[in-house]
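Here the structure comes first, spelled out in C-alpha cells, and everything after it is commentary.
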Amino acid sequence: MTNQTAVLELEKVSVTYVEGQRRIPAVRGVSLSVKPNEIVGVVGESGSGKSTLAFAIMRLLRSAQVQGTIRVMGQNMFDLGPRELRKFRWQTISMVFQSAMNALNPVMTVESQIADTIRYHRPEVSRDQILQRIDELAELVRIDRARFRNYPHELSGGMRQRVVIAIAIALDPQVVIMDEPTTALDVVVQRTLLERVMEVQRHTRFSILFISHDLGLVAEIVNRVAIMYAGRIVELTSGRLIQQTDVPHHPYTQGLLAAIPRLTAQSVVVRGIPGTPPDMAHLPVGCPFAPRCAAAMPQCRAVDPPLAMIDGTIIACHLFESNEGGA
Ligand SMILES: Nc1ncnc2c1ncn2[C@@H]1O[C@H](COP(=O)(O)OP(=O)(O)OP(=O)(O)O)[C@@H](O)[C@H]1O
Ligand code: SF4
Ligand SMILES: [Mg+2]
C-alpha cells in the first residue's frame with residue numbers, strides 16, 4: 001500500500017548478487033518507510049546487507065538482481081530513465097557513502113568539489129549563486145569558510161567527513177542516506193559529527209536513513225530503527241523503545257543491546273554476540289539467527305519466522321506471537 005506521506009518507501013525489496021553459480025541474497029524482502037523530517041536507523045553487523053540496501057535505493061547496482069518497489073517522494077525509482085535518474089539523485093535523494101571522506105578528490109580543493117557537484121546537477125545556476133550556497137554550507141557544517149579552499153588532505157578526518165555531508169546536502173535533497181558516516185572517526189570526533197548532523201537536520205529538515213553497526217550511537221538520534229540480520233529486517237521499533245529492556249526485543253537486538261559498552265565503576269564492559277553471521281550464499285533453513293540464538297527451538301530450524309506486531313514493535317521471531325493483528 002502506498003504511504004502518501006512517506007518520502008522514502010520500500011516494499012519487499014530484495015537484492016541478489018550473482019557470481020557465476022553463486023547467488024548471494026544480500027537483501028531479502030525489506031519493507032520500510034521514512035517520513036518527512038524523520039531519522040530512521042538501519043543497524044546490523046557487517047555483511048547484513050545495509051550498504052546493499054542503500055545502493056539499491058540509489059539505483060547504483062548494475063549487475064545485481066533487484067526486486068520490489070522503491071519510491072522516493074512518491075516516484076518509483078525504477079520508472080526513471082538515465083537522465084531523470086541523474087537529476088533525481090543528489091537533488092531529491094543523496095547519499096554519504098561508507099568511507100567517502102577518503103574518496104574526496106585529492107587534487108581539487110573542497111570548494112571546487114562542492115562547486116562541481118552543484119554545477120553538474122544545476123548547470124543553470126550562476127557562479128555567484130554557487131558561491132553563496134558554498135557559504136551557507138560552510139556555516140551549516142560549521143567549517144571555517146577559508147578552510148574550504150584547502151585540499152582534502154589538509155583537513156582532519158572529522159572535517160573531511162563534514163565536507164562529504166556538505167556535498168550530500170548541497171542541492172537541498174529531501175532524503176539523505178548516510179552509510180556509516182562516523183565509523184572511521186575516533187569516539188570524540190564521532191560525537192561532534194553526530195551533533196553536527198543533528199544540527200544540520202534540524203535546520204534543513206531533510207529525512208535521514210542512518211546506517212550503522214553501532215546501536216548505541218544510532219539509538220541517540222533516531223525516531224525509528226530497523227535491525228537487520230542476514231539481509232532481513234528482524235525488528236522495527238521506535239527510538240524511544242529500542243534501548244528499553246522491559247519491552248519485547250528480538251534475541252539479536254538483545255545481543256546488540258548487551259554489546260553496547262557500559263561504564264562500570266572500574267572499567268568499560270563490552271560483550272559481543274557469540275558466533276558469526278551466516279554465509280549469505282548458504283543460508284540455513286529456518287531462522288538464520290538460530291545457530292547463535294540461546295533461545296532457539298526446534299521450529300526455529302525449520303521455519304523462518306515472519307514479521308509480526310508485538311506491543312507496538314515489529315519482530316520476526318518464534319518466541320513472540322502477534323498480539324496486534326500482524327505487521
Ligand atoms: N558486489 C558484490 N558482489 C557479491 N556479493 C556482495 C557484493 N557486495 C556485497 N556483497 C555481499 O552481500 C552481503 C551484504 O553486504 P553489504 O556490504 O551490503 O553489508 P553491510 O551490512 O553494508 O556490511 P558492512 O557493515 O561491513 O558495511 C555480504 O555477504 C557481502 O559479502
Ligand atoms: S526465531 Fe528462534 S532462533 Fe530465531 S531469534 Fe527467535 S528464538 Fe532465536
Ligand atoms: Mg556497508
Side-chain angles (χ1 to χ4, degrees), residues 10 13-30 32 41-58 60-66 95-100 102-103 177-184 209-215 217-218 225-235 248-259 273-308 310 313-322:
L10 312 177
V13 174
S14 295
V15 180
T16 305
Y17 294 108
V18 183
E19 286 179 335
Q21 294 299 308
R22 258 163 65 94
R23 294 176 64 82
I24 300 148
V27 172
R28 303 183 299 134
V30 165
L32 182 68
V42 175
V43 177
E45 285 166 297
S46 187
S48 56
K50 307 180 298 294
S51 296
T52 300
L53 181 65
F55 291 141
I57 296 169
M58 295 295 286
L60 288 167
L61 293 169
R62 271 177 215 266
S63 51
Q65 295 170 356
V66 184
M95 180 163 167
V96 172
F97 293 90
Q98 203 164 349
S99 317
N102 301 320
I177 302 176
M178 297 192 180
D179 191 358
E180 307 265 11
T182 66
T183 304
L209 191 69
F210 194 99
I211 294 173
S212 176
H213 62 271
D214 186 341
L215 182 56
L217 188 89
V218 166
V225 56
I227 309 290
M228 272 186 88
Y229 190 77
R232 281 190 72 190
I233 291 179
V234 294
E235 178 168 341
H249 286 302
H250 189 281
Y252 179 60
T253 312
Q254 291 173 20
L256 291 178
L257 286 169
I273 304 173
T276 50
D279 173 358
M280 292 302 291
H282 301 98
L283 280 173
V285 176
C287 172
F289 190 57
R292 305 172 74 183
C293 181
M297 307 165 279
Q299 71 188 107
C300 303
R301 300 185 202 282
V303 181
D304 199 1
L307 284 164
I310 319 291
T313 293
I314 296 173
I315 303 179
C317 173
H318 289 304
L319 287 177
F320 305 98
E321 276 185 31
S322 171

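Both ligands and their constituent atoms are indexed starting at 1 by order of listing. Bear in mind that the values here come from a model prediction, so they are computed numbers and not experimental data. The figures here come from the full heavy-atom set of this structure, side chains too, leaving out hydrogens, waters and symmetry mates.
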Legend entry - Identity and distance of the protein heavy atom lying nearest atom 26 (O) of ligand 1: S46 OG, 2.5 Å
Inset, instruction - Return yes if some donor-acceptor pair links the side-chain N/O of H318 with the main-chain N/O of V303 below 3.5 Å, else return no. - result: yes
Inset, instruction - Provide the number and element of each atom of ligand 1 under 4.0 Å from a heavy atom of E45. - result: 21 (O)
Legend entry - Where ligand 2 meets A295 - atom numbers and elements under 4.0 angstrom, heavy-atom basis: 7 (S)
Inset, instruction - Would you check if E19 and I24 make a side-chain contact, meaning some heavy-atom pair closer than 4.5 Å? - result: yes
Inset, instruction - Compare all side-chain heavy atoms of S99 with those of E180 and state whether any distance is below 4.5 angstrom. - result: no
Legend entry - Heteroatom distance test (I24, ligand 1): nitrogen or oxygen, under 3.5 angstrom: no
Legend entry - the Mg ion (ligand 3) contact by S51, N, O or S atom under 2.8 Å: yes
Legend entry - Check: D304 and R232 side chains under 4.5 Å, non-hydrogen atoms: yes
Inset, instruction - State, yes or no, whether a side-chain contact exists between C317 and P251 at a heavy-atom distance under 4.5 Å. - result: yes
Legend entry - atom 25 (O) of ligand 1 - nearest protein heavy atom and its distance: K50 NZ, 2.8 Å
Inset, instruction - Consider ligand 1: state whether an atom of it lies below 4.0 angstrom from any non-hydrogen atom of H213. - result: no
Inset, instruction - Number the atoms of ligand 2 from 1 as they appear, then name those within less than 4.0 Å of a heavy atom of A290, with their elements. - result: 3 (S)
Legend entry - atom 28 (C) of ligand 1 - nearest protein heavy atom and its distance: G47 O, 3.8 Å
Inset, instruction - Classify the angle between the aromatic ring planes of F289 and Y229 as parallel (below 30°), tilted (30 to 60°) or perpendicular (above 60°). - result: perpendicular
Legend entry - Presence of N, O or S from H318 under 2.8 Å of atom 6 (Fe) of ligand 2: no
Inset, instruction - Number the atoms of ligand 1 from 1 as they appear, then name those within less than 4.0 Å of a heavy atom of A26, with their elements. - result: 12 (O), 13 (C), 14 (C)
Inset, instruction - For atom 6 (Fe) of ligand 2, grab the closest protein heavy atom and report residue, atom and distance to one decimal in Å. - result: C317 SG, 2.3 Å
Inset, instruction - Give yes or no for whether the N/O distance cutoff of 3.5 Å, strictly under, is met between G44 and ligand 1. - result: no
Legend entry - atom 8 (Fe) of ligand 2: the protein heavy-atom neighbour that sits closest, reported with distance to 0.1 Å: C293 SG, 2.4 Å
Inset, instruction - May I ask you to identify the nearest protein heavy atom to atom 4 (Fe) of ligand 2, giving residue, atom name and distance to one decimal place in Å? - result: C287 SG, 2.4 Å
Legend entry - atom 31 (O) of ligand 1 touched by protein (heavy atom, under 4.0 Å): no
Legend entry - Ligand-side contact atoms (ligand 2) for residue partner P305, heavy atom cut-off under 4.0 Å: 1 (S)
Inset, instruction - Please report which non-hydrogen protein atom sits nearest to atom 2 (Fe) of ligand 2, along with the residue it belongs to and the distance in Å to one decimal place. - result: C300 SG, 2.2 Å
Inset, instruction - Measure from the Mg ion (ligand 3) to each N, O or S atom of Q98 and report whether any distance is below 2.8 Å. - result: yes
Legend entry - Sub-4.0 Å protein heavy atom next to atom 7 (C) of ligand 1: yes
